[in-house]
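Worksheet: the structure to be examined is printed underneath.
This chain uses plain numbering: 1 for the first residue, then up along the sequence. Start at 1 and go down the list; that is how both ligands and their atoms are numbered.
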Amino acid sequence: MIRLSKNIVLVGMAGTGKTTVGQALAARLGWDLIDTDHLVEREQGMPIRQIFAERGEAAFRTIETEAVVRTMARSGLVVSTGGGAVLAETNRQALKQGGLVIALKAPVEVIIERVRSDKDRPLFQGNFEEQVRKLAEQRKQAYDFADMTIDTTLFSVEQVVDEIVSRL
Ligand SMILES: Nc1ncnc2c1ncn2[C@@H]1O[C@H](COP(=O)(O)OP(=O)(O)O)[C@@H](O)[C@H]1O
Ligand SMILES: O=C(O)C1=C[C@@H](OP(=O)(O)O)[C@@H](O)[C@H](O)C1
Ligand SMILES: [Mg+2]
């Protein structure tokens, strides 16, 4: 079982289930959950889509890094990150030093179906399918630094939680 001195961190492309699995995993373990997107939205008082629209992606990344580093200084948390949190080396170092990093994966076709109805994802506006495919290609090695990887394609949310708990 993982020591409480660390956190359990979920990384992965948008649509691989980090927020949903994080909630279910935190409930299963009785741990608190920090979803860094939700933390940013609460503290900034607006949805991420609005931060992108009004201040730009670079401003969001700066805010995201501050939230990630601050969160990883804590312990005993389940932490769901946003899909792009792994892009900054500062974030990758904080995630690796402060937690057991678990990458959730799914084929791009599965991701497309899972996020198709969610119009709030700022990176997926306009030609939605093309943008998901392009991002998946750009990010295909971005999550390889994780301590472990779980393919969520054939698992329900609870089955992903089962798989994580079995590996702790
Ligand atoms: N293992 C799974 N099987 C089926 N649907 C899933 C699974 N994990 C997540 N989902 C669904 O996929 C969508 C995206 O999940 P979400 O947790 O928002 O992903 P992320 O935070 O990685 O973007 C949600 O509708 C969620 O209910
Ligand atoms: O992949 C990305 O760069 C992003 C993923 C989003 O989080 P989810 O992975 O929870 O959708 C959110 O942080 C923002 O829209 C940027
Ligand atoms: Mg999420």
- prompt: Hey, mind stepping through Q159 and E163 against side-chain hydrogen bond (donor to acceptor under 3.5 Å, both in side chains) and telling me if it holds?
  reply: CA-CA 6 Å; Q159 287 170 326; E163 183 62 21; over 6 Å; no
query: Between L87 and ligand 2, which residue portion shows a heavy-atom distance shorter than 4.0 Å: side chain, backbone, both, or neither?
result: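 Within the 4.0 Å criterion, L87 makes no contact with ligand 2.
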Close side-chain approach of [X] and [Y], heavy atoms under 4.5 Å:
X    : Y    : value
F60  : D37  : yes
M72  : N91  : no
R167 : I102 : no
Q44  : R55  : yes

Between [X] and [Y], what is the shortest heavy-atom contact and its length?
X    : Y    : value
L39  : A67  : CD2-CB, 4.0 Å
V115 : G15  : CG1-CA, 3.4 Å
L25  : V165 : CD1-CG2, 4.0 Å

Just which atoms of ligand 2 are under 4.0 Å from any heavy atom in [X]?
X    : result
P122 : 15 (O)
R121 : 8 (P), 11 (O)
A14  : 9 (O), 11 (O)
R61  : 2 (C), 3 (O), 16 (C)

Give the numbers and elements of all ligand 1 atoms closer than 4.0 Å to a heavy atom of [X].
X    : result
F155 : 1 (N), 2 (C), 3 (N)
G17  : 8 (N), 9 (C), 15 (O), 16 (P), 17 (O), 19 (O), 20 (P), 22 (O)
V157 : 1 (N), 7 (C), 8 (N)
T19  : 17 (O), 21 (O)
S156 : 1 (N)
A14  : 23 (O)

task: Calculate, to the nearest 0.5 Å, the distance between atoms OG1 and CD1 belonging to T81 and I34 respectively.
output: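 Here the rounded value is 13.0 Å.
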field: From CD (Q50) to CG (D120), nearest 0.5 Å
entry: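 Separation between the atoms: 11.0 Å.
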- prompt: Does ligand 2 have an atom under 4.0 Å from some heavy atom of E57?
  reply: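 No, E57 has no heavy atom closer than 4.0 Å to ligand 2.
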May I ask you to identify the nearest protein heavy atom to [atom], giving residue, atom name and distance to one decimal place in Å?
atom                    : result
atom 5 (C) of ligand 2  : G83 N, 3.3 Å
atom 1 (O) of ligand 2  : R139 NH1, 3.0 Å
atom 14 (C) of ligand 2 : I48 CG2, 4.0 Å
atom 16 (P) of ligand 1 : T20 OG1, 3.6 Å

field: Joint hydrophobic cluster, V69 plus V101, side-chain heavy atoms closer than 4.5 Å
entry: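 Not linked; separate clusters.
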If you take the nearest heavy atom of each of [options], which one is closest to [atom]?
atom                    : options              : value
atom 2 (C) of ligand 2  : A85, S80, G84        : G84
atom 18 (O) of ligand 1 : K18, R121, M13, R114 : R121
atom 7 (O) of ligand 2  : V11, V40, D37, T20   : D37

query: G15 near ligand 1, heavy-atom distance under 4.0 Å?
result: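 Under 4.0 Å: yes for G15.
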query: Just by distance, do the side chain of T16 and the backbone of M13 share a donor-acceptor pair under 3.5 Å?
result: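 At least one qualifying donor-acceptor pair exists.
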task: Take K134 and E130 through the test salt bridge (Lys or Arg N to Asp or Glu O under 4.0 Å) and record every step on the way to the result.
output: CA-CA 6 Å; K134 193 168 78 175; E130 182 185 312; 5.7 Å; no
- prompt: Within S80, is some N, O or S atom less than 2.8 Å away from the Mg ion (ligand 3)?
  reply: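 Checking the Mg ion (ligand 3) against S80, no N, O or S atom falls under 2.8 Å.
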